2 protein chains.
Amino acid sequence: MNSFTEENYLKAIYTLTEQSNSVVSTNAIAEKMNTKAASVTDMLKKLSDKKLINYQKYQGGALSSKGKKVALSIIRKHRLWEMFLLEKLDFKWDEVHDVAEQLEHINSDKLIAQIDKFLNYPKFDPHGEPIPDANGKIQQQRSKSMANYKKNDVLLMTGVVDHSTSFLNYIDKSGLALGNEIRIKDVNEFDRSLQITIGKKNTIFISNDVAKNILAIIK
Amino acid sequence: MNSFTEENYLKAIYTLTEQSNSVVSTNAIAEKMNTKAASVTDMLKKLSDKKLINYQKYQGGALSSKGKKVALSIIRKHRLWEMFLLEKLDFKWDEVHDVAEQLEHINSDKLIAQIDKFLNYPKFDPHGEPIPDANGKIQQQRSKSMANYKKNDVLLMTGVVDHSTSFLNYIDKSGLALGNEIRIKDVNEFDRSLQITIGKKNTIFISNDVAKNILAIIK
DNA sequence: AATATATTTTAGACTTGTCTAAATTTATTT
DNA sequence: AAATAAATTTAGACAAGTCTAAAATATATT
């Protein structure tokens, strides 16, 4: 088993390699982890001994496939717990992160499988971030704001940028919800407003301001 | 904040003082915590410095009111999580303990308040153990098997001894459930079987064997 | 290519929680 | 009440994770 600290380092390395490239510097990890470079070096050695990363002195580190699997399982747990807190326990978006940081380290395959089932197997968290499956497989396509897509694109709504109550109420009333299939019927050249069809049912208009705050992937 | 280890020691001291008396020996704690007496001494000093216990060298320790409050909050969390796992995530009774041991250390007042609400504010866990409230107040009356009560007693069903599927199915079919009000209409002298009324509705007969496996308190 | 600067690692120390072995205190027995 | 046994504490050590300060390496600059 890995300690909480080891798990947090692996998660940090994963998210850093997402943004930049596959090798991460000691300093970058130190900043992310709110710790000192010397502490990071110690941990990189340890993770390397455990074959969780590939590490060469002075050259930074990258997750091994074993380490990547662990990182993805932590991220899976984090995102599922966030969904659970939001959907089942009426947490607000800004309250979920700290608690999920703790819950992500609970070690029970059955627990996370049941939470997944309880939530009806969500594929994205409400920020549009993909939730890795139990095998660590993760949707590669990144969610982008709906304003980025073009006429006739068929999308899957994966999240929202703005988590304010007023915005959430607005999309609710419009009939928009996570998991909806959305087809872009038309893009107004003048103000970039959109005409979209939700599922097979109603067609609505949304402003560019709203479109910017809705996240989706190509279906 | 207290570490997981400190919380576990406080919980151990609490449960030990429940059984025996108010002062607990170093050895008793060592056995409960699966550790050595020397380690316990170190921790007793630390908990004493933090005013969580009253401790005199060679004289054992007892929880201070501050320590008792912490212990009760851990126990509250443990029992609420057990209920959650059983009732919402389809865990079996023998699967809940290990996971609850981890979850009880998650630190979030809102989380536990919402779990409590989600479960509709249960007062007893399914073993008949009382769940302390948010202020650390705990029902003092201990659950006893229904076979211990007498004619005309009005009871609150708080738990079951046997958690096998067959027994749980049986009480389900009989219309018995946690939280039911039960009135003992008659006790058969010969075989100690009971005639009981559940709520204001149906009256049923249960054998002494069944009664022994149902836990209740005087309402 | 030599020097200056930035990054990373090492060395040694500290904290938390654990341990073994020895010393001390308390309890029990005769 | 002295001797023995049992329980508890102390002393010193270890592992995990952190830190500061100094040394080593890599990168950038002229």
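Here is the naming used below: chain letters follow the sequence lines, and residue numbers restart at 1 for every chain. Everything numeric here is computed off the predicted structure, so don't read it as measured data.
Checked against a 6.0 Å centroid threshold, the rings of A/Phe84 and B/Phe84 count as neighbours.
Side-chain atoms of A/Ser207 and A/Asp209 include no donor-acceptor pair closer than 3.5 Å. For the 3.5 Å distance criterion, the side chains of B/Ser145 and B/Asn148 qualify, holding a donor opposite an acceptor. Using modelled atom types and a 3.5 Å distance limit, the side chains of B/His105 and B/Asn8 yield a donor-acceptor pair. Using a 3.5 Å distance cut-off with no hydrogens or angles, the side chains of B/Ser164 and B/Asp162 do pair a donor with an acceptor.
Side chain of B/Ser39, nearest nucleotide from C/dT18, D/dC19, C/dT8: C/dT18. Between D/dT9, D/dC19, C/dT8, one nucleotide has an atom nearer to the side chain of B/Tyr55 than all others, and that is D/dT9. Taking every side-chain heavy atom of B/Lys36 into account, C/dT20 is the closest of C/dT8, C/dT20, D/dT9.
Rounded to an integer number of Å, the gap from CG of A/Asn34 to P of D/dC19 is 9 Å. Note: CG (A/Asp42) to C1' (D/dA16) measures 10 Å, nearest angstrom. For the pair B/Ile29 CD1 and C/dT18 P, the computed distance is 12 Å after rounding to whole Å. Taking atom CG of B/Leu44 as the reference point, atom C1' of D/dA7 lies 13 Å away to the nearest angstrom. B/Met43 places its CE atom 17 Å from the C1' atom of D/dT8, with the value rounded to the nearest Å. The distance from atom CG of A/Asn2 to atom P of D/dA16 is 13 Å, rounded to the nearest whole Å. Distance, B/Glu31 CD to D/dA7 P: 11 Å, rounded to whole Å. In this structure, B/Asp49 places its CG atom 14 Å from P of C/dT15, rounding to the nearest Å.
In the region residues 4-11 of chain B, proximity to DNA chain C at under 4.0 angstrom, judged on heavy atoms, holds for B/Thr5, B/Tyr9. Contacts between residues 56-64 of chain B and DNA chain D, defined by a heavy-atom separation under 4.0 Å, are made by B/Lys57, B/Tyr58.
Of the side-chain N and O atoms in B/Thr41, none sit less than 4.0 angstrom from OP1 or OP2 of D/dT10. Look at B/Asn27 and you'll find a side-chain N or O under 4.0 angstrom from OP1 or OP2 of D/dT8. For C/dT16, neither phosphate oxygen OP1 nor OP2 lies less than 4.0 angstrom from any side-chain nitrogen or oxygen of B/Ser3.
Using a 4.0 Å heavy-atom distance criterion, A/Thr26 is classed as a sugar-phosphate-only contact.
Taking every heavy atom of both residues into account, B/Ile75 and B/Lys11 meet most closely at CG1-CG, 4.0 Å.
Residues B/Ile74 and B/Phe4 fail the side-chain proximity criterion, which asks for heavy atoms closer than 4.5 Å. Put simply, the side chain of A/Ser143 does not reach to within 4.5 Å of the side chain of A/Glu129, judged on heavy atoms.
Within the model, atoms CG of A/Leu80 and CG of A/Leu119 stand 6.5 Å from one another, a figure rounded to the nearest 0.5 Å.
Crowding of B/Lys88 atom NZ: a count of heavy atoms from other residues, nucleotides or ligands under 6.0 Å exceeding 12.
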